Amino acid sequence: MLIYVIGTALAMLFAKYAMNAKTYPALKNSYRILAFLSFVPLTVIAALRYNVGTDYDYVYTPFFYSINSGGEKFNEVGFNIINQITYLISEKPFLMFAVVAVLTLLFMFLAFYEQSVNVCVSIYIFVVGLFYFNSLNQIRQALAMAIAVYAMKYLWKREPIKYFLLILLAISMHTSAVIYIPIYFIYGIRANVKAHIIFILCAIVAQPVLKGAIQFVISKTKYAWYLDSIFGQQGFSIITFAFILVTLLLLYYCQLAGKDTEDKQFDLMLNMFLFGVCFMLYSAIIPQADRLTNSMTIITPFIVPKALLRIKEKNRRLVMFFIFSFFFILKLLHDIYWQGWYDVIPYETFFSQI
């Protein structure tokens with residue numbers, strides 16, 4: 001785990017210096033160099049890994065060989081192309097994993113520097129909030145989410161053509177990215193805490209009624225096989241639900257603690273987080289609902305710094321930062337050490353296989 005701690009610390013350190021340099025026009029080149037250096041540590045760790053991540057050897061290595069031998073392929077053409085291009089350079093899959101890692105982290109870090117109100121905090125939340133570790137596992141969806149997060153800068157600018165073109169690129173990596181299409185149209189809807197609570201309560205009450213309808217719809221799609229698989233028998237994920245619900249409540253506190261000023265970006269992200277909570281609420285009904293939740297809560301590294309800034313008193317803001325950190329680290333320890341999820345420890349590089 002130490003390597004991830006060092007990588008995160010270095011990324012945050014360079015990001016801090018980069019943001020300091022950004023305030024001085026004469027240090028424009030220094031800002032770019034430092035920003036790039038902040039991107040390097042976590043990217044190198046992700047790119048050089050070998051058999052780190054649950055899906056590394058279980059899913060993506062077999063598919064790499066299958067795709068390039070005329071066998072079974074992924075449904076997503078964009079990800080198949082990445083496999084095929086990297087195979088032309090190396091017939092071993094390590095290069096494919098490295099390229100996907102670089103692309104995923106590149107889109108995320110570009111989004112941090114262009115959209116975050118505090119890049120250091122965003123990098124920190126990206127790691128302790130487990131999004132980085134998830135990117136070492138479900139690499140297709142992680143790349144799709146990174147592209148979608150980067151595309152949100154065009155959502156803020158209301159430039160639909162650029163936004164939807166990037167979302168199409170994301171869909172070509174993982175079909176779940178279709179969920180970002182309607183997100184463009186809910187921009188501008190105020191995030192009202194009372195309305196959110198009513199929405200959650202209605203979702204709880206409606207669950208028995210909607211169960212049959214949801215599973216019927218799924219049964220008519222290509223994902224019908226999930227219903228009779230292990231993914232359809234996982235039950236309600238109470239730990240994950242409790243964690244994101246607590247996070248949502250902390251975000252509500254920050255929203256209410258600040259002045260009632262309009263912030264459409266914060267409102268959209270808070271509404272997305274609400275959807276993530278509701279998807280996890282239905283985790284006993286929707287197979288792999290956590291993927292849908294991840295698609296919505298990927299904005300956590302952006303909304304947490306915004307939420308903290310709503311608290312004007314510095315000491316209270318610092319306390320809230322530590323409260324957020326406590327819950328994120330607690331979840332990280334639960335998932336990685338207690339449950340053994342993600343398979344990111346021990347860390348090993350592909351050099352050990354040469």
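Nothing here was measured: the structure is a model prediction, and the numbers come from that model.
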Check: Y154 ring centre within less than 6.0 Å of Y163 ring centre: no

Flag if over 12 foreign heavy atoms under 6.0 Å of NZ, K16: no

Side-chain heavy-atom pair K331, T240 within 4.5 angstrom cut-off: yes

Test side chain to side chain donor-acceptor pair (under 3.5 Å) applied to S38 and Y113, step by step: CA-CA 11 Å; S38 72; Y113 278 97; 2.6 Å; yes

CD1 (I161) with more than 12 external heavy atoms under 6.0 Å: no

Check: F39 main-chain N/O paired with T43 side-chain donor or acceptor under 3.5 Å: yes

Lys/Arg cation over aromatic F266: K306, 6.0 Å, 45° cone: no

Approximate separation, where rounding is to 0.5 Å, of I303 CD1 and F273 CZ: 7.5 Å

Polar contact flag, side-chain donor to acceptor under 3.5 angstrom, S295-Q141: yes

Test ring pair (Phe, Tyr, Trp, His ring centres under 6.0 Å) applied to H334 and Y342, F243, W341, the passing residue: W341

ILVMFWY cluster, M96 and I89 together (side-chain gap under 4.5 Å): yes

Side-chain donor/acceptor of S135 to backbone N/O of A142, under 3.5 Å: no

T104 and Y132, any side-chain heavy atoms less than 4.5 Å apart: no

Closest approach of Q265 to Y187 (non-hydrogen atoms, all atoms of both residues): N-CE1, 4.3 Å

F302 vs F112 side-chain heavy atoms within contact, under 4.5 Å: yes

Heavy-atom check, side chain of R291 versus side chain of H174, under 4.5 Å: yes

Y65 and P93, any side-chain heavy atoms less than 4.5 Å apart: yes

Residues Y337, I345; criterion side chain to side chain contact (heavy atoms under 4.5 Å, CB included); working and verdict: CA-CA 9 Å; Y337 285 100; I345 51 175; 3.6 Å; yes

Contact check, side chains of K264 and L268, non-hydrogen atoms, under 4.5 Å: no

I336 side chain reached by V344 side chain, heavy atoms, under 4.5 Å: yes

F79/F63 aromatic ring centres below 6.0 Å: no

Nearest atoms (heavy-atom pairs only) where T297 meets F131: O-CZ, 3.1 Å

Spatial distance of atom CG (N134) from atom CG (D290) [nearest 0.5 Å]: 8.0 Å

Y56 and Y50 aromatic ring geometry - parallel, tilted or perpendicular at 30°/60° bounds: perpendicular

S172 side-chain N/O to E76 backbone N/O, donor-acceptor pair under 3.5 Å: no

From CA spacing to verdict: side chain to side chain contact (heavy atoms under 4.5 Å, CB included), F97, I139: CA-CA 8 Å; F97 285 105; I139 64 174; 3.9 Å; yes

T293 side-chain N/O to F279 backbone N/O, donor-acceptor pair under 3.5 Å: no

Distance flag, aromatic centroids of Y252 and H196, threshold under 6.0 Å: yes

Which atom of F133 lies closest to which atom of L332, heavy atoms considered: CE1-CD1, 3.9 Å

Residue pair S30 / Y24, side-chain donor-acceptor N/O under 3.5 Å: no

For P346 against V52, the heavy-atom pair lying closest together: O-CG2, 4.1 Å

Closest non-hydrogen atom pair between S116 and S122, with its separation: OG-OG, 2.5 Å

Six-ring centre of Y184, R158 cation under 6.0 angstrom, axis tolerance 45°: yes

Partner of M296 under side chain to side chain contact (heavy atoms under 4.5 Å, CB included), chosen from V277, I183, L274: I183

Geometric class of the Y60/F74 ring pair [parallel <30°, tilted 30-60°, perpendicular >60°]: tilted

Least distance between heavy atoms, D267 atom then I189 atom: CB-O, 3.6 Å

Short side-chain to backbone donor-acceptor contact, N118 and P305, under 3.5 Å: no

Presence of salt bridge, E348 and R49, under 4.0 angstrom: no

Proximity of F64 and Y87 rings by center, below 6.0 Å: yes

Minimum side-chain heavy-atom gap W156-Q115 below 4.5 Å: yes

Exceeds 12 heavy-atom contacts within 6.0 angstrom, atom OH of Y347: yes

